[in-house]
Amino acid sequence: MGLPSGGTIINFIVIGLFVVYMGQVAMTMYELFNPEACVPGKGTRCVTPHQKADSQFELRLYTSLSVSKTVREKDLMLAHREKQLDLTDDREISVNITLPLRTLNNGTLYAYVFLHPRGTSPFRDREVTVYQIAPLTKYTVPKAEAFNLLKEDDQQGNSTENEIPTAHWKSKLPIRVMQDPIPFHQQAIPNELYQLMRFTKNAEYLPILYVHELAQKSIELVPINSSIPEMTLNIVYSPISVGQLRLYVSLQHSMKMLQDFGFGEKDVEEVKSLFTDTGLYLLGLTVLVSMFHILFDFLAFKNEISYWKKRDTMVGLSIRTIVWRSISQIVIFLYLLDQDTSLLVLVPAGIGTVIEVWKVKKAFKLHISWSGWKPSVSFGTSTDSEKETQEFDKKAMKYLSYLLYPLCVAGAMYSLIYVPHKSWYSWLINSLVNGVYAFGFLFMLPQLFVNYKLKSVAHLPWRAFMYKAFNTFIDDMFAFIITMPTAHRLACFRDDFVFLIYLYQRWLYPVDKTRVNEYGMSYEEKPATIVSPQEEKTHKD
């Protein structure tokens, strides 16, 4: 038995690391949601909750122009007082906040949230009061407005985009209080909770108050207009478990690290939405599916590169499909860049674009040689079998062009007349990508036609194709979770239809072992026969 190939060894290593990583994630999540409780006993020092089952609390919201370590009532302005807050029930309160003049003039504003027992004062009874500070404003670049490119007035009014960050209002203030009365070991309090805890003289910890800033989205930001001195703030309260609280605190630190590493705000927000916009069980499913998506992406890229690296013939493969897929992938990548799409979508699209361009080079047997600084380009020759495949390919594209080109032109003209755009470049990219998304599946049909004419699918890279198919179904789920353009979301479901046709052809045309496979070889090759010159002459006669 021979040794496994290098590619097989790499697959085993990657899958092994993937299994170990999944086990580590599962163990970490279990420890987050199930911290060790302290059992009072001899020599054991525990920190117990101060909150009792029948405790009643009051919530107060103050505003201030700045953050101060010394909290004084005279420096704050009362915005809302909730005299009876049930910590076990969800609640949403709408409050109108009058903005100070400095905030209206592109300034800041902060919220001071106090939680204390009923009948006490947050300033006189500080020992039983907890509070958190959170910004109510955020500096960000205003979103570029779209306009009709054919109307000169609109174009002149929006020709220059304002790239100066201005103050925006956070319309939602999510507040959480931990509801699990867990006694902790005094020397083993989780770090995520310790930074939020306040203790009494009796070594009891007060209710853990947390402002859930991860749940605040950029799409909910409202530009502050100096002519509107009053803004609406929605206070959203709900209890939170110890596991969720520890997870969100850890995630908040991770988001700051991502920003320090150069990730944009939109990319960080997409990651946050995966954790904050879903329930606990859907969150676990999302994390699991995300890891499988990364694994299949890697295996698909690896196997496709390996397939095309060994491929020396284009028999059975549609060159026009490869070229159009390359052009489509470039257009889609530029469109995703124009739409400020998350790196979770953009990075795989960029890698796929590079691979598609490389496949075009292999399909045309393009060789580039250098003589000093002067490049020399040469193309390989096609065999008779390859020319037969190209004839089928040309015939399929001829019929498709009668439908494809008029639809793309009509769609672009409709978009120009009726749909607003940020610029002419934006219109061009949107028109191209809409044609790719709406009619891009037509580019895959020539390959189906070639399969039909050859009555075979043995020439296709099925291993890489299956990994991509698995990711297609995963993309169907992510289409509802990750923020992405609507056209890109619909394209995920379009690929499912084409994939099913490929599967049908694979069932319809079983593998013929005498047919040349994807590497230009057959499983059952006839042995070569040596013919003498006399026999050859007799045969000719």
- prompt: Does the side chain to side chain contact (heavy atoms under 4.5 Å, CB included) test come out yes or no for S218 and K138, once each step is laid out?
  reply: CA-CA 9 Å; S218 297; K138 181 179 181 178; 4.1 Å; yes
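- Residues K170 and L233 approach most closely at O-CD1, 3.4 Å, considering heavy atoms.
- No more than 12 heavy atoms of other residues, nucleotides or ligands shown are found within 6.0 angstrom of OH on Y414.
- Side-chain contact between T137 and W169 is present, with at least one heavy-atom pair separated by less than 4.5 Å.
- A salt bridge does not link E220 with K217: none of the charged nitrogens is closer than 4.0 Å to a carboxylate oxygen.
- Using a 4.5 Å heavy-atom threshold, the side chains of I175 and L173 count as touching.
- The closest side-chain heavy-atom distance from P174 to E213 is not below 4.5 Å.
- Using a 4.5 Å heavy-atom threshold, the side chains of S171 and M231 count as separate.
- Considering NE2 of H168 and CG of N106, their distance stands at 9.5 Å, rounded to 0.5 Å.
- Heavy-atom minimum distance, L104 versus S226: O-CB, 3.9 Å.
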message: As a quick check of understanding, evaluate side chain to side chain contact (heavy atoms under 4.5 Å, CB included) for T103 and I224, giving each step before the final call.
response: CA-CA 8 Å; T103 304; I224 294 179; 4.1 Å; yes
field: W427 and L416: CA distance, side-chain angles, deciding distance, side chain to side chain contact (heavy atoms under 4.5 Å, CB included) verdict
entry: CA-CA 7 Å; W427 166 77; L416 178 63; 3.4 Å; yes
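- Contact check for P100 versus L109: side-chain heavy atoms found under the 4.5 Å cut-off.
- What you find for F364 and V323 is that their closest heavy atoms are CE1-CG2, 3.5 Å.
- Remark: I355 CD1 to Q329 CD distance equals 9.0 Å, nearest 0.5 Å.
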message: Could you walk me through whether N96 and T232 satisfy the side chain to side chain donor-acceptor pair (under 3.5 Å) test, starting with their C-alpha distance in whole Å, then the side-chain angles of each, then the deciding distance to 0.1 Å, before giving a yes or no?
response: CA-CA 5 Å; N96 292 326; T232 301; 3.3 Å; yes
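- Put simply, CG on N225 and CD1 on I228 are 4.5 Å apart, with the number rounded to the nearest 0.5 Å.
- In this structure a side-chain-to-backbone donor-acceptor pair under 3.5 Å is present from T353 to A349.
- Distance check: Q216 CD to L136 CG gives 8.0 Å after rounding to the nearest 0.5 Å.
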task: Determine, step by step, whether E92 and N234 satisfy the side chain to side chain contact (heavy atoms under 4.5 Å, CB included) criterion, reporting the C-alpha distance in whole Å, the side-chain angles of both residues, the deciding distance to 0.1 Å, and the verdict.
output: CA-CA 7 Å; E92 186 169 347; N234 293 318; 4.1 Å; yes
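- Residues V357 and S326 are in side-chain contact: their nearest non-hydrogen atoms beyond the backbone lie under 4.5 Å apart.
- A 4.5 Å side-chain heavy-atom check between Q252 and Y210 finds at least one atom pair inside the cut-off.
- In summary, the aromatic rings of H212 and Y248 are positioned with their centroids under 6.0 Å apart.
- The CD1 atom of I351 sits 10.0 Å away from the CZ atom of F333 when rounded to the nearest 0.5 Å.
- In this structure a side-chain-to-backbone donor-acceptor pair under 3.5 Å is missing from Y509 to Y504.
- Atom CG of L101 and atom CG of N105 lie 4.5 Å apart (nearest 0.5 Å).
- The side-chain heavy atoms of L214 and M255, taken from C-beta on, include a pair separated by under 4.5 Å.
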